[in-house]
Amino acid sequence: MKIVAIEAIPFVIPYRKPLRFASGEVRTADHVLVRVHTDDGVIGVAEAPPRPYTYGETQDSIVAVIAKIFAPELVGLPLLGREVRYARLERTVGNPTAKAAIDMACWDAMGKTLDLSVTEMLGGYTDRLRVSHMVGFASDEAMVADAERVRDTYGITTFKVKVGRRPVSLDVGACRALRNALGPDVELYVDGNRGWTPAEAARALTAMADLDLTLSEELCPADDVLGRRWLTARTTIPTVADESAVNPGQVTRELLDGAATMISIKTARTGFSTSQRILHQCEGLGAEIVMGNQIDGQVGTACSVAFGAAHRHSSRRAGELSNFLDMADDLLTEPLEISDGELTARSGPGIGIAIDPDKLAQYRTDNV
Ligand code: MUC
Ligand code: MG
């Protein structure tokens, strides 16, 4: 049970409609499929979604760092040697989605080797999560139509609304339109992707005080140290750290600084191994978590639901699991299906997904 090769395969799948938010926009899924091969002939898979505006990774950088740094460091290690693998990957700062995809592909290979699902191996708490849908920037009418379509088609009743535009009244208007159209029973929360100053964020939250928002995520940059602390202390809405807390040290800092009261866990950037460390850290500190979305495809979403369902602490809230619906196609032989507002974790082995070879041949861009 040794790792003998790690492949990083770039592929591009168009989006049906772009997702826009304060720090950028996504028009194509230019992801990297990672395959970990063992000497038993097992192949573990996962995907890395580059988010250049967030972590500085690109599709090219992910392919290169895996080929030139991570694969040479890991080939030859025992598949079950999780701590050695973790130590080797964590020696390198940054490159979060490249490291996460390798980690998850190794877990997939472990599950396939041991004939267990990743959800069972991680904790086996439940087999499903409620789904939250991210609504990106558009006109108020288009944002409402997107949310209504997703609610009516998939039974989703939790929505994360992208905010962080200027003037703040743009987003206040959009959130108000969503609340008016969807009624009092849906859950609404907001994510600013660092778009506002603390003063703008405070003004927006005051203007939306009657909208029953349940969470406010990353409204202003992590480097606004005192401003974030000031904002968090003056709002009754829990504040979620997302891109400011992508490793256990940053999670500690955000929570103990009073800059955030909750943490978004994204398997796309912390894999299963670091996500589990962060989850237990949050549980110990008494901080809630939300399973976030790195604008994942179906491979990444299967990873999020496998992890989220595995633990009590990560399965309480709706996970952000639906944005693959915006993609024109995907790679799985059996597509994920959201019904009654829920997504089920696959029963394995491993993550429980299979890549369709024809689709991979169609969408891969490395001319193999
Ligand atoms: C999110 O929760 O912020 C947008 C940028 C990014 O890094 O993740 C997405 C979603
Ligand atoms: Mg976010």
Side-chain angles (χ1 to χ4, degrees), residues 15 17-31 47-59 61-62 94-101 131-138 143 146 158-165 171 175 187-196 201 204 213-222 228 231-232 237-247 250-251 254 259-271 275 278 288-297 300-301 303-304 308 314 317-327:
Y15 265 63
K17 69 175 183 60
L19 180 71
R20 297 198 183 90
F21 40 94
S23 55
E25 69 174 55
V26 173
R27 292 182 169 275
T28 53
D30 51 351
H31 297 182
E47 74 176 338
R51 296 287 161 252
Y53 29 77
T54 311
Y55 311 116
E57 291 178 292
T58 64
Q59 192 181 47
S61 82
I62 291 169
N95 299 284
T97 71
K99 293 191 281 197
V131 174
S132 164
H133 182 70
M134 281 199 290
V135 183
F137 294 164
M143 290 170 78
D146 183 37
T158 304
F159 297 93
K160 168 158 114 172
V161 188
K162 287 298 191 183
V163 298
R165 289 178 286 184
D171 294 325
C175 289
E187 178 178 351
L188 291 182
Y189 58 104
V190 291
D191 181 2
N193 288 113
R194 300 162 279 145
W196 285 329
L213 301 177
T214 53
L215 308 174
S216 68
E217 178 171 315
E218 215 72 83
L219 297 183
C220 32
R228 273 166 70 113
L231 184 67
T232 299
I237 301 174
T239 48
V240 182
D242 174 12
E243 57 264 42
S244 62
V246 304
N247 61 45
Q250 290 172 350
V251 168
E254 287 301 296
T261 55
M262 282 179 61
I263 298 294
S264 173
I265 291 185
K266 295 184 175 175
T267 50
R269 69 171 172 228
T270 41
S275 294
I278 291 174
E288 274 188 81
I289 70 110
V290 56
M291 289 306 300
N293 190 316
Q294 202 60 77
I295 321 175
D296 305 294
T301 303
C303 291
S304 294
S314 53
R317 294 193 52 80
E320 296 162 8
L321 301 167
S322 59
N323 287 81
F324 68 84
L325 297 171
D326 291 342
M327 287 168 60

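For ligands, and for the atoms within them, numbers begin at 1 and follow the listed sequence.
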**Q** To check your reading of the site, what angle at the Mg ion (ligand 2) do OE2 of Glu217 and OD2 of Asp242 form, to 10°?
**A** 100°
**Q** Mind checking side-chain contact (heavy atoms from CB on, under 4.5 Å) for Val246 and listing every partner two or more places apart, or none if nothing turns up?
**A** Tyr55, Gln250, Arg269
**Q** Please examine the side chains of Pro50 and His31, heavy atoms only from C-beta on, and report whether any two atoms are closer than 4.5 Å.
**A** yes
**Q** Could you check whether Arg51 pairs with Glu243 (Lys NZ or Arg NE/NH1/NH2 to Asp/Glu carboxylate O, under 4.0 Å)?
**A** no
**Q** Can Arg228 and Ser244 be counted as having a side-chain donor-acceptor contact under 3.5 angstrom?
**A** yes
**Q** So, Thr158 versus Ser132: side-chain donor-acceptor pair below 3.5 Å or not?
**A** no
**Q** Check whether any side-chain heavy atom of Val240 sits under 4.5 Å from a side-chain heavy atom of Tyr189, and report yes or no.
**A** no
**Q** Between Asp242 and Lys266 (salt bridge meaning N to carboxylate O under 4.0 Å), is one present in this structure?
**A** yes
**Q** So which residues, sorted by chain and number, lie with a heavy atom under 4.0 Å of ligand 1?
**A** Phe21, Thr54, Met134, Lys160, Lys162, Asp191, Asn193, Glu217, Asp242, Lys266, Asn293, Gln294, Ile295
**Q** Which N, O or S atom name in Asp191 marks its closest approach to the Mg ion (ligand 2)?
**A** OD2
